[in-house]
> 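Mind looking over this structure? Questions follow.
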Number of protein chains: 2
Amino acid sequence: MPRRHDPERRQRIIDAAIRVAGRDGIAGLSHRTVAAEADVPLGSTTYHFATLEELLVAALRQANEGFGKVLAELLPDGGRGDLAADLARALGEWLTGDRTGVELEYELYLAALRRPALRPVAAEWTEQAAALLARRTDPVTARALLALMDGICLQVLLTGGSYDEEYARTLLARLIP
Amino acid sequence: MPRRHDPERRQRIIDAAIRVAGRDGIAGLSHRTVAAEADVPLGSTTYHFATLEELLVAALRQANEGFGKVLAELLPDGGRGDLAADLARALGEWLTGDRTGVELEYELYLAALRRPALRPVAAEWTEQAAALLARRTDPVTARALLALMDGICLQVLLTGGSYDEEYARTLLARLIP
DNA sequence: ATCCCATGTGTACGAGCGTACACAACGCAT
DNA sequence: ATGCGTTGTGTACGCTCGTACACATGGGAT
């Protein structure tokens with residue numbers, strides 16, 4: 001039996017959970033599905049994560065850390081260029097190609113509505129993003145830009161339509177005083 | 001045995017489903033929970049709605065119709081007053097007191113991300129609201145205002161914080177050209 | 001009055017679920 | 001080497017679920 005005393009067992013389970021949630025949604029996440037995806041026995045997931053919610057929190061937190069890094073790259077600090085254009089481009093890169101990440105992000109948002117345990121994770125993400133944006137504008141505008149970006153993302157995801165970067169740039173620009 | 005051949009049986013089931021979804025979330029919605037809430041036998045819900053998704057669609061569609069009416073009242077047609085102020089006030093009335101309606105609305109969004117069958121329902125709601133707003137501004141601005149309102153709602157719901165109407169009014173005003 | 005069929009009801013089945021728990025294996029301090 | 005505590009594993013229990021289906025019932029066309 002290989003992989004006995006696997007030092008990264010816990011991490012492998014988290015990674016598998018992210019894959020499952022990205023593929024089937026949070027609803028498809030169970031101890032069994034994660035165990036199968038991670039190729040570990042059922043008892044292993046229950047050992048490392050006593051409750052399913054604990055596993056969910058760990059997975060979503062790690063997923064969000066990844067998103068934060070991406071956003072930080074797309075929003076260089078020194079830039080004094082057109083903030084609206086930068087954000088619109090960032091949204092574009094986020095929404096084109098593999099949308100797994102975005103979908104997971106909004107699933108976290110909306111799942112947090114019903115599960116208080118997820119509230120802090122969602123709040124962390126918002127704070128982090130707001131702080132990044134606040135380097136280029138005032139805090140109030142930063143939060144407003146985030147709100148508008150959230151709304152635009154939702155509209156794109158829900159209508160299944162395509163993303164119009166120029167449209168987003170125009171509207172974001174209106175929010176910047 | 002009362003209520004045999006209940007002509008409003010189907011409607012009563014839908015109403016019960018809305019109550020259940022509002023209380024426990026869409027996740028808490030099952031044939032059995034709805035049947036119990038509606039005080040009808042299990043077989044009755046499966047007869048009127050072959051699949052659970054069918055029931056979900058019917059319930060959310062009806063819930064959204066209600067929201068549409070409320071929004072129509074809050075946004076009188078003739079008004080040429082301060083649109084941003086009107087919207088901020090509408091958001092306030094929506095977010096204060098019983099938040100069941102708002103939560104259900106965003107749960108619909110969430111569910112629609114993963115269930116294509118719900119996509120049209122969510123799209124309907126957006127179209128309807130956009131049409132209402134377009135009576136007071138241009139269509140592009142209308143959609144942008146909706147997006148920003150969605151984002152603000154999410155932030156309020158997730159941070160569990162209180163709603164600042166003046167803050168919302170200021171930001172909405174920036175979007176109106 | 002009779003018959004048909006939409007409607008209503010109860011029960012059963014198989015599956016997946018979270019969780020608990022007894023037991024196995026192994027690193028490590030002693 | 002020996003014992004112990006952490007880590008890993010397999011199985012079982014009780015529950016809820018969606019769905020299917022056989023049977024009951026009664027309104028309305030004939």
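Order of the sequence lines fixes the chain letters, A, B, ..., with proteins taken first and strands second; residue numbering starts at 1 for each chain. When reading the values below, keep in mind they use all heavy atoms of this one structure, side chains included, and skip hydrogens, waters and symmetry mates.
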> Do other residues, nucleotides or ligands put more than 12 heavy atoms under 6.0 Å from A:R115 CZ?
no
> Considering non-hydrogen atoms only, spot the tightest contact between B:R169 and B:A84 and give its length.
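So the minimum-distance heavy-atom pair works out to O-CB, 3.7 Å.
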> If you check every side-chain atom of B:H48, which of C:dT9, C:dG8, D:dG18 has the closest atom?
C:dG8
> What is the distance from CD of B:E8 to P of C:dG8, rounded to the nearest Å?
12 Å
> With a 4.0 Å cutoff (strictly under), does any side-chain N or O of A:Y47 reach OP1 or OP2 of D:dG8?
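No, because none of the side-chain N or O atoms of A:Y47 sits under 4.0 Å from OP1 or OP2 of D:dG8.
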> Could you tell me the separation between the CG atom of B:D39 and the C1' atom of C:dG8, rounded to a whole number of Å?
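About 14 Å, once rounded to whole Å.
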> Per the atom types in the model, does the base of D:dG8 pair as donor or acceptor with the side chain of A:R9 at under 3.5 Å?
no
> Round to a whole Å and report the spacing from CZ of B:R32 to P of C:dT11.
13 Å
> Identify, residue by residue, the members of residues 17-31 of chain A with a heavy atom below 4.0 Å from DNA chain C, and return them in order of residue number, or none.
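Nucleic-acid contacts, sorted: A:S30, A:H31.
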> Using atom types as modelled, flag every donor-acceptor pair under 3.5 Å from a side chain in residues 63-75 of chain A to any protein atom, sequence neighbours excluded.
none

> If every non-hydrogen atom of A:L83 is compared with every non-hydrogen atom of A:R136, which pair is closest and at what distance?
CA-NH2, 3.7 Å
> Just how far, in rounded Å, is P of D:dA20 from CG of B:L52?
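So the two atoms are 13 Å apart, to the nearest Å.
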> Search all heavy atoms of A:A130 against all heavy atoms of A:L146 and return the closest pair with its distance.
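Heavy atoms only, the tightest pair is N-CD1, 3.6 Å.
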> Whole-Å distance between D:dA20 P and B:F49 CZ?
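Those two atoms, CZ and P, are 16 Å apart.
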> Could you tell me how far apart A:R12 (CZ) and D:dT7 (P) are, to the nearest whole angstrom?
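A:R12 atom CZ is separated from D:dT7 atom P by 16 Å.
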> Send over the distance from B:L42 CG to C:dT11 C1', rounded to a whole Å.
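After rounding, the gap between these two atoms is 9 Å.
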> Where the side chain of A:T46 is concerned, which of C:dT19, D:dG18, D:dC17 is the nearest nucleotide?
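Of all the options, the side chain of A:T46 is nearest to C:dT19.
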> B:R12 vs B:D15, test: salt bridge (Lys or Arg N to Asp or Glu O under 4.0 Å). Steps then yes/no.
CA-CA 5 Å; B:R12 291 174 64 246; B:D15 293 340; over 6 Å; no
> Grab the CG-P distance between A:L55 and C:dC17 for me, whole Å please.
13 Å
> Decide side chain to side chain donor-acceptor pair (under 3.5 Å) for A:W125 and A:E105; before the verdict, give the C-alpha distance in whole Å, the side-chain angles of both, and the deciding distance to 0.1 Å.
CA-CA 9 Å; A:W125 157 251; A:E105 173 69 24; 2.6 Å; yes
